[in-house]
Every structure is written in structure tokens, then in C-alpha cells.
Undergrad: 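Please find one structure pasted underneath; my questions will follow.
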Amino acid sequence: MASLRFDDPLFATYAVAATLMILKVIAMSWLTVVRMIRANGGFRSPEDLRRTPLNPHPSPAQLEPNDGVERIRRIQLNDLENIPFFLAAGFLYILTSPSLLAARLLLYGYVVSRLLHFLAYLTKQTHEVRAALWTAGSLILLYLTGRSLLAALGI
Amino acid sequence: MASLRFDDPLFATYAVAATLMILKVIAMSWLTVVRMIRANGGFRSPEDLRRTPLNPHPSPAQLEPNDGVERIRRIQLNDLENIPFFLAAGFLYILTSPSLLAARLLLYGYVVSRLLHFLAYLTKQTHEVRAALWTAGSLILLYLTGRSLLAALGI
Amino acid sequence: MASLRFDDPLFATYAVAATLMILKVIAMSWLTVVRMIRANGGFRSPEDLRRTPLNPHPSPAQLEPNDGVERIRRIQLNDLENIPFFLAAGFLYILTSPSLLAARLLLYGYVVSRLLHFLAYLTKQTHEVRAALWTAGSLILLYLTGRSLLAALGI
């Protein structure tokens with residue numbers, strides 16, 4: 001069984017993949033902030049229209065959906081539908097004692113698929129490109145989960 | 001303390017419940033895709049209206065909310081509000097060394113409550129039915145979390 | 001390395017912080033329910049307009065967004081963008097064997113930042129107050145994740 005030690009290559013593989021994915025999600029929050037500042041809008045709460053030092057000239061238009069901000073929010077929602085489950089499934093998967101090569105291909109492959117999905121979504125590629133990259137990640141997630149379920153059932 | 005070994009019945013109970021819940025969430029993503037294909041709509045991004053081999057006759061109506069697609073999205077959002085926290089709370093709970101019977105009742109009970117909640121939501125049962133099933137799951141989650149907090153406080 | 005035993009102060013620190021955050025998220029779901037009952041509205045599904053013992057006088061207005069309900073939903077969405085990742089990053093962080101003092105400051109500091117963020121959002125403080133509290137939590141999360149990544153890379 002994989003230990004939970006960072007000097008165990010299997011656990012380190014998981015920890016690298018997991019932390020990169022968490023950093024990716026955090027980056028989406030910050031990117032939302034950056035785009036709201038740049039657009040001076042895309043806000044969501046009525047109180048965001050109060051006059052403050054950071055918003056000296058409030059206007060109702062600031063509460064309207066902003067394309068650039070909404071795009072990052074859609075990307076982030078897609079992350080929320082996928083990454084928390086990768087964090088759990090990847091953890092269970094390394095406890096099944098896979099080969100280091102398989103673990104690296106699957107976990108780092110997942111990270112790459114999500115980063116490319118982000119780039120495709122950000123740069124407005126066609127639905128097909130985005131869907132193909134999402135599918136690659138989802139199939140890896142399905143495998144990690146299914147493999148762990150079989151191990152738990154003793155199969 | 002429960003070990004993190006799949007041949008430990010307590011850990012295996014957690015791993016089975018956790019992977020079933022992850023598979024459930026993945027299934028929601030695929031069901032959304034299936035319904036978008038069947039409805040030929042329910043899309044969310046402007047670039048999804050580009051003419052491509054998979055969307056040869058794009059139309060602005062494809063970006064309008066589609067009832068069938070939105071229903072699965074609401075179910076999935078409800079999953080996001082619940083299942084990631086079950087994955088963490090269930091893990092902490094088995095580390096409190098509960099009896100195997102209690103662990104099975106609670107963790108498998110949670111899984112059953114969420115699957116029934118899904119069926120009730122999908123088949124448009126009344127709010128009461130859906131709420132009762134959600135409540136059952138939420139109370140189990142509350143217990144798992146509270147029990148782990150007490151263990152962590154040494155109570 | 002931290003053990004996964006509740007009598008290990010490092011693990012207990014994580015378990016207390018994690019369970020408090022999970023309880024916070026569960027509370028948001030229940031608060032949404034309370035506000036929907038009080039407003040007799042803020043529902044989302046067409047079937048919620050059926051006449052039932054709990055909704056004897058249904059009206060289409062019950063499906064319109066309700067300010068008080070939507071506020072809790074926004075708070076909960078913000079939780080979903082943050083707390084699942086804290087649960088994973090905090091777990092990896094305590095496996096890096098930090099000092100107990102550092103762990104307590106960071107993990108309990110995160111909990112406090114999220115509880116204050118909730119209060120600021122609930123009581124409609126200005127965007128600046130809310131943003132400052134969110135930022136404090138996000139920076140802690142960034143540190144926990146970055147520290148774990150460095151440990152996994154052997155740096």
C-alpha cells in the first residue's frame with residue numbers, strides 16, 4: 001500500500017497532481033477578480049453598487065452579466081463539477097498500489113487535460129475541442145474511481 | 001484506528017460509498033451531455049453557435065435554457081453542495097473507529113438517500129418527497145461530521 | 001509525519017478545522033431552506049408549484065428569484081469554490097509535518113476568515129470588506145497548497 005509520505009513516489013505523484021489542480025481552481029477565483037476589476041463590473045450583489053473608495057462611481061450596469069467574467073465563472077463551475085472528485089478518487093487510487101508509471105500517466109494526464117480544457121475555454125475554441133478535452137479528463141476520472149471501487153470490493 | 005487498506009472492512013465500506021458517490025456525480029455530467037445532444041440545445045457559451053460537423057445548423061435558440069438540461073444541472077449543483085463534504089466527513093468518520101455496522105448503515109444509507117433523491121428529482125416528484133430524501137442525507141452528513149469533531153476534541 | 005490519529009495534535013487540528021468548515025457548508029443548505037420557507041418562495045423547479053400540504057396555495061411568483069434566498073445561494077457557491085479545496089490542501093499540509101503552532105494559526109485562521117466572510121456577506125457589508133476577508137482565506141489556502149507542492153517535489 002502507498003504510504004502517506006511525500007518521499008514515497010506514488011504519494012508524491014498524487015500530491016503534485018492534487019496541488020496543481022487546487023492551484024488551478026484558486027487561479028480561477030483570482031482571474032474572476034482581475035476581470036471584474038478590468039471590466040469595472042460583472043458584480044452580483046446589490047451592495048456592490050455602494051459608493052466606496054474602490055468603486056467611486058457605481059452604476060446599475062455593474063450588476064449586469066459581463067461576458068469575460070461569466071466565461072471564467074463557467075470554467076470554474078466546470079472545475080467544481082470535476083476537480084473535488086479527482087482529489088478524492090486520485091487519493092483512493094494510489095491506495096490500490098498501482099504501478100508508478102500508470103499513476104503518473106493517469107494523474108498527470110488528468111492535470112494536462114484540465115489545463116488544456118481551460119486554455120480551450122478561455123480562447124473560445126469550438127465546442128468540439130472543449131468537449132474532447134473534458135472527455136479525456138472525465139474518462140481518466142472514471143477509471144480512477146472504478147479501479148478503486150473494484151479494489152474496495154476485493155475484485 | 002481504521003487503516004487505509006482496502007482489506008480493512010471499515011475502510012472498504014468508506015471506499016465503496018465514496019466511489020459510488022463519485023460515479024454518481026460523473027454520471028450527472030454525462031447525462032447533461034446526453035440531454036444537450038438530444039435537445040440539440042441547452043448550450044451556454046457563445047462559441048457553441050459556430051457551425052461545426054457536430055452542429056451543422058447552429059441557431060441562437062440553442063443558447064436558451066432547456067428544461068431537461070437545466071433539471072440535470074440543478075441535480076448536479078445539489079450534488080456539489082453535498083457530496084464533496086460527504087467524501088471528507090466519511091473519511092474522518094471511519095478514522096474514529098466506529099462499529100462496522102454503524103459505518104455501513106450510515107455510509108450506505110447516505111448513498112441510498114442520494115440515489116433516491118436523484119430519482120425523485122429526475123421524475124419530478126413533489127418538493128416534499130425530494131426534501132425528505134435530501135434531509136435524510138443531510139442528517140447523516142451532520143452526524144458523520146459532528147462525531148468526527150467530537151473525536152478531534154477528545155470528547 | 002502526522003499520523004491519522006485524533007490523539008495526534010496536528011491531525012486533531014486539521015480534523016477540527018475541517019469539520020467546522022463542513023458544518024458551515026451544511027448550515028448554508030439549511031439556511032436556504034429556512035429562508036425559502038419564510039419567503040414562501042425562491043423555488044427553482046416547476047414541480048414546486050404543485051398544490052401539496054406544505055404548499056397549499058401555489059403561485060408562479062414562488063419560482064421568481066428571492067433576494068434573501070439568492071444571497072445564501074451566492075454565499076454557498078463561494079463556499080463551494082473554496083472549502084472543498086481547503087479540505088484537501090489542509091490534509092496534505094499536515095502531512096508535511098509543520099509545527100503545531102503554524103498549523104493552528106493557518107487552519108484556524110482559515111476557519112475564522114470564512115466565518116467572518118459569511119457574516120459580512122449576510123449583513124451586506126461593502127464589497128471591500130467581503131473581498132478582504134475572502135482574500136485572507138484565499139492566501140492561506142494558497143500557502144497550504146504551495147507548501148504541500150514543494151514537499152511533494154522534495155524541495
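The sequence lines fix the lettering, A, B, ..., with proteins before strands; numbering per chain opens at 1.
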Undergrad: Let me know if B:Tyr93 has heavy atoms under 4.5 Å from chain C in its side chain, its backbone, both or neither.
TA: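 For B:Tyr93, no heavy atom lies under 4.5 Å from chain C.
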Undergrad: Tell me whether B:Asn82 contacts the main-chain N or O of B:Asn78 through its side chain, where contact means a donor paired with an acceptor under 3.5 Å.
TA: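 Yes: the side chain of B:Asn82 pairs with the backbone of B:Asn78.
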Undergrad: Sub-4.5 Å heavy-atom contacts with chain C: which residues of residues 107-144 of chain B show up?
TA: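 The residues closer than 4.5 Å to chain C, in numerical order, are B:Tyr121, B:Lys124, B:Gln125, B:Thr126, B:His127, B:Glu128, B:Arg130, B:Trp134, B:Thr135, B:Ser138, B:Leu139, B:Leu141, B:Leu142.
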Undergrad: Taking side chain as C-beta onward, heavy atoms only, is B:Phe85 less than 4.5 Å from C:Pro84?
TA: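 The answer is yes, as the side chains (C-beta and beyond) meet within the 4.5 Å cut-off.
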Undergrad: Can you tell which of B:Asp8, B:Thr13, B:Leu105 makes a side chain to side chain contact (heavy atoms under 4.5 Å, CB included) with B:Leu100?
TA: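 By the side chain to side chain contact (heavy atoms under 4.5 Å, CB included) criterion, B:Leu100 pairs with just one of B:Asp8, B:Thr13, B:Leu105: B:Thr13.
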Undergrad: Does B:Asp67 CG have over 12 foreign heavy atoms under 6.0 Å away?
TA: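 No, because the 6.0 Å sphere around CG of B:Asp67 holds 12 heavy atoms or fewer from other groups.
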Undergrad: Does C:Arg147 reach the side chain of C:Pro98, with side-chain heavy atoms less than 4.5 Å apart?
TA: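 No, every pair of side-chain atoms sits at 4.5 Å or beyond.
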Undergrad: Tell me, out of C:Asp79, C:Leu87, C:Val16, C:Leu20, who's got the most heavy-atom pairs with chain B below 4.5 Å.
TA: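 Answer, by heavy-atom pair count under 4.5 Å with chain B: C:Val16.
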Undergrad: Rounded to the nearest 0.5 Å, how far does CZ of C:Phe86 lie from CG of C:Leu106?
TA: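 If I round to the nearest 0.5 Å, the distance is 9.0 Å.
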Undergrad: Can you tell me how far the OG atom of C:Ser148 sits from the CG atom of C:Leu95, to the nearest 0.5 Å?
TA: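 The OG atom of C:Ser148 sits 8.0 Å away from the CG atom of C:Leu95.
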Undergrad: Evaluate C:Ile75 against C:Lys24 for side chain to side chain contact (heavy atoms under 4.5 Å, CB included), listing each step before the verdict.
TA: CA-CA 11 Å; C:Ile75 295 176; C:Lys24 197 270 181 198; 3.6 Å; yes
Undergrad: Rounded to the nearest 0.5 Å, how far does CG of B:Leu31 lie from CZ of B:Arg71?
TA: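 It is 11.5 Å, given to the nearest 0.5 Å.
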Undergrad: Within residues 36-65 of chain B, which residues come under 4.5 Å of chain C, heavy atom to heavy atom?
TA: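 Within residues 36-65 of chain B, no residue comes under 4.5 Å from chain C.
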Undergrad: Is it the side chain or the backbone of C:Leu23 that comes within 4.5 Å of chain B heavy atoms, both, or neither?
TA: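 It is both, since atoms from each part get that close.
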Undergrad: Between B:Leu149 and B:Leu92, is any pair of side-chain heavy atoms under 4.5 Å apart?
TA: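 No, every pair of side-chain atoms sits at 4.5 Å or beyond.
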Undergrad: State the CG-CD distance between C:Leu77 and C:Glu81, to the nearest 0.5 angstrom.
TA: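 CD of C:Glu81 is found 4.5 Å from CG of C:Leu77.
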